[in-house]
There are 2 protein chains.
Amino acid sequence: MAITQDNILKALAQVMDPDLKKDLVSLNMIKDISIDGNAIYFTVVLTTPACPLKELIKNDCIDAIHKNVGADFQVFPNMTSDVTSTRSTAPLLPNVKNIIAIASGKGGVGKSTVSANLAVSLAQSGAKVGLIDADIFGPSIPTMFNCEHEQPEVKEINGKNVIIPIEQYGIKLISIGFLTPPDNAVVWRGPMASSALKQFLGDTDWGELDYLLIDLPPGTSDIHLTMVQTIPVTGALIVTTPQKVALADAQKAIAMFKQPQINVPILGLVENMAYFTPEELPENKYFIFGEGGGYKLSERYEIPFLGQIPLVQSIRESGDSGYPSAMKNDVSSEAFEEIAKKAARQIAIRNANMAGTTKVEMTN
Amino acid sequence: MAITQDNILKALAQVMDPDLKKDLVSLNMIKDISIDGNAIYFTVVLTTPACPLKELIKNDCIDAIHKNVGADFQVFPNMTSDVTSTRSTAPLLPNVKNIIAIASGKGGVGKSTVSANLAVSLAQSGAKVGLIDADIFGPSIPTMFNCEHEQPEVKEINGKNVIIPIEQYGIKLISIGFLTPPDNAVVWRGPMASSALKQFLGDTDWGELDYLLIDLPPGTSDIHLTMVQTIPVTGALIVTTPQKVALADAQKAIAMFKQPQINVPILGLVENMAYFTPEELPENKYFIFGEGGGYKLSERYEIPFLGQIPLVQSIRESGDSGYPSAMKNDVSSEAFEEIAKKAARQIAIRNANMAGTTKVEMTN
């Protein structure tokens, strides 16, 4: 008896997406089934190209066919992805599937380092990525991407002047650092800074993106309020070091996103500068900033813990020289890649289970 | 022939203050001369109790008497101090002799750690010290002084409600952390944050102080503008790490204070997290955040370099546990004491050579 597409669909309906807790067929993830003699072809459309379960799901599909259709078939799943979104009807940037804020409360804990490396890892997985440096008073992104002297073009599109982001390492970037000389201070009160962020969101040609990351400044003030009042944010990632004063501020950032009127889902927490290991003593971990504080905080607030990044000189050097660690092939790039995969996974889970975020009404 | 007070004054007129480049008599530093047989007593009034030249000046005084009055005299200089000020006619806080802002541009480089330890070192030298935690969104001072659960009293003084600062380790402290629960985020736009700072300056009972330190938040925005528009600031100290992205932001803080309409003298630069030395490898210095960047920046802008603070686990632990390192007797407390002395010296030099700072006119 010849097998049919239906046989294959029935078999693949046995394969669960472990994150989304439904089978691949119900999730509409199976496309383009074809049968050629003994060979079975189909496409699995994952929720992100950075899916950490890609190999697992692929093997589960092959096993399910062998078990339910026949052990002799050769199975060729084509693993692709279509990043999910809850933003397709958003009035601003509907072609940006996910807007992810990266916050810490405290400055200097590595928000920009995490943002830059997350952007690089996601882009390397095949996603379309943009990054807004929302730190108007201390922009680090131009340095971290080695494009400090770039100046974005402004083009007229449909009668409106629009900023064209700088593209570096395949990532679209915008930062106040591209618009002001590095020696100068931008001494602005909040409304001016907020209007810069509004331009970065509303007057910038982002095109189609899977992920637009927003690297937030420290604190919980104008930029943060303007962001949630300008655009519905898919979710937030929290970066902290294990130091008590950093954890205290991370807690404030969490509290801000959890405020009922703000209500942005928190998708994960990253612990940066977790420990230092000197080259000469590779067995030793020096917990200079304390031990395990990030993990404890994530447990306390029931936030997925995305991982630890050690205090590695090469990460700082990579940032200072403009080539994010994630572009290399070493221990730190693996740490960042793991974190990017886990973040992408949490975004997909969030999109599967929750409605879109609502823009915060302007009350102040 | 009996010696006179005049003989002694003439002798001491040979002693120079190396910083102020004038002799002690012209500087009006000699008081209460008395002669009792073979013993000569007088008081030397230094410009700060934290004077790093105290011993040098004392010995110079003894030498000058021996050389110009007679080698057989016993000389007993009484070294005291009267902190100098350019603020005695200021409309707000005229009893606060010096207002010192501590800024960095970037967050997380150790502004609060430096502020706390500077306060402790100055107080230990005998100065009257106050400290304003102006980081409304990430207050660290209550943690660093182990008084997170204190609540300042409010008293009516001359028909006006006035906040009484918390006193810890002999230092008067005020922080938004005393007024809000630690789990909560203060999600305020700039004007609210600014009005908190105005209260800390204008509605707080500081009494008489030699030094009021203001631990600024990161950035160059509302709090910074409100500070210079509310009160003439004696001078600013810059804290940075050697990391390129931190130096870039320190540069912005310097540029802000140097803006002609702001014009606050910059009294010194401190390089924090200069290097890490594991206990097991005491010879090794790991320049995790880069090497020498702080010194280079101070040279470039001709700012006095006040010193390096190593990345020492005990400094972070001291901060987290609420006992600033400067209260202990170890390498790090010495580093902070040195920096405090150098800062006090630069304040005295500034007061001797420059008129009071002018309050910035409100234009925004």
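Chain A is the first sequence line, chain B the second, and so forth, proteins listed ahead of strands; every chain is numbered from 1. Given the structure is predicted, the values throughout are model-derived calculations rather than measurements.
A pairwise comparison of heavy atoms in B:D222 and A:R189 identifies OD2-NH1, 3.1 Å as the closest pair. Scanning all heavy atoms of the two residues, the minimum distance from A:A185 to B:M256 falls at CB-N, 3.8 Å. Of all the heavy atoms in A:N184 and B:K252, the pair that sits closest is O-NZ, 3.2 Å. Taking all atoms of both residues into account, the shortest heavy-atom contact from B:Q251 to A:P182 is NE2-O, 4.2 Å. Scanning all heavy atoms of the two residues, the minimum distance from A:G190 to B:S221 falls at N-OG, 4.0 Å.
Interface remark: B:S321 contributes no atoms to any contact with chain A (heavy atom separation under 4.5 Å). Contacts between B:P278 and chain A at a heavy-atom distance below 4.5 Å involve backbone atoms as well as side-chain atoms. Of the atoms belonging to A:F257, not a single heavy atom falls under 4.5 Å from chain B. Proximity to chain A is absent for every atom of B:E317, based on heavy atoms less than 4.5 angstrom apart. With a 4.5 angstrom heavy-atom cutoff, A:M192 does not touch chain B via any of its atoms. Heavy-atom distances place no part of A:I315 under 4.5 Å from chain B, backbone and side chain included. Heavy atoms of B:I254 lying under 4.5 Å from chain A are absent altogether. Proximity to chain B (any heavy atom under 4.5 Å) is shown, for A:T226, by both the backbone and the side chain. Interface residue A:D249: only side-chain heavy atoms are found under 4.5 Å from chain B. Interface remark: B:Q261 contributes no atoms to any contact with chain A (heavy atom separation under 4.5 Å). The parts of B:D183 that come within reach of chain A are both its backbone and its side chain, each placing non-hydrogen atoms under 4.5 angstrom from that chain. With a threshold of 4.5 angstrom between heavy atoms, B:P181 approaches chain A through N, CA, C or O but not through any side-chain atom.
B:Q313 contributes atom CD, which lies 12.0 Å from atom CZ of A:F276 (distance to the nearest 0.5 angstrom).
Judged by distance alone, the side chains of A:Q243 and B:D320 never bring a donor and an acceptor atom under 3.5 Å apart.
Counted within 6.0 Å of OH on B:Y295, heavy atoms from surrounding residues, nucleotides or ligands total 12 or fewer; the atom is thus considered open.
Between chain A and the options B:E279, B:E148, B:H224, heavy-atom pairs under 4.5 Å are most frequent for B:E148. With respect to chain B, the highest number of heavy-atom pairs below 4.5 Å among A:V245, A:N284, A:T143 belongs to A:V245.
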Criterion side-chain contact (heavy atoms from CB on, under 4.5 Å) on A:E280 and B:Y286, from CA distance to verdict | CA-CA 11 Å; A:E280 291 80 354; B:Y286 293 88; 2.5 Å; yes

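Between the side chain of B:R316 and the backbone N or O of A:I288 there is at least one donor-acceptor pair closer than 3.5 Å.
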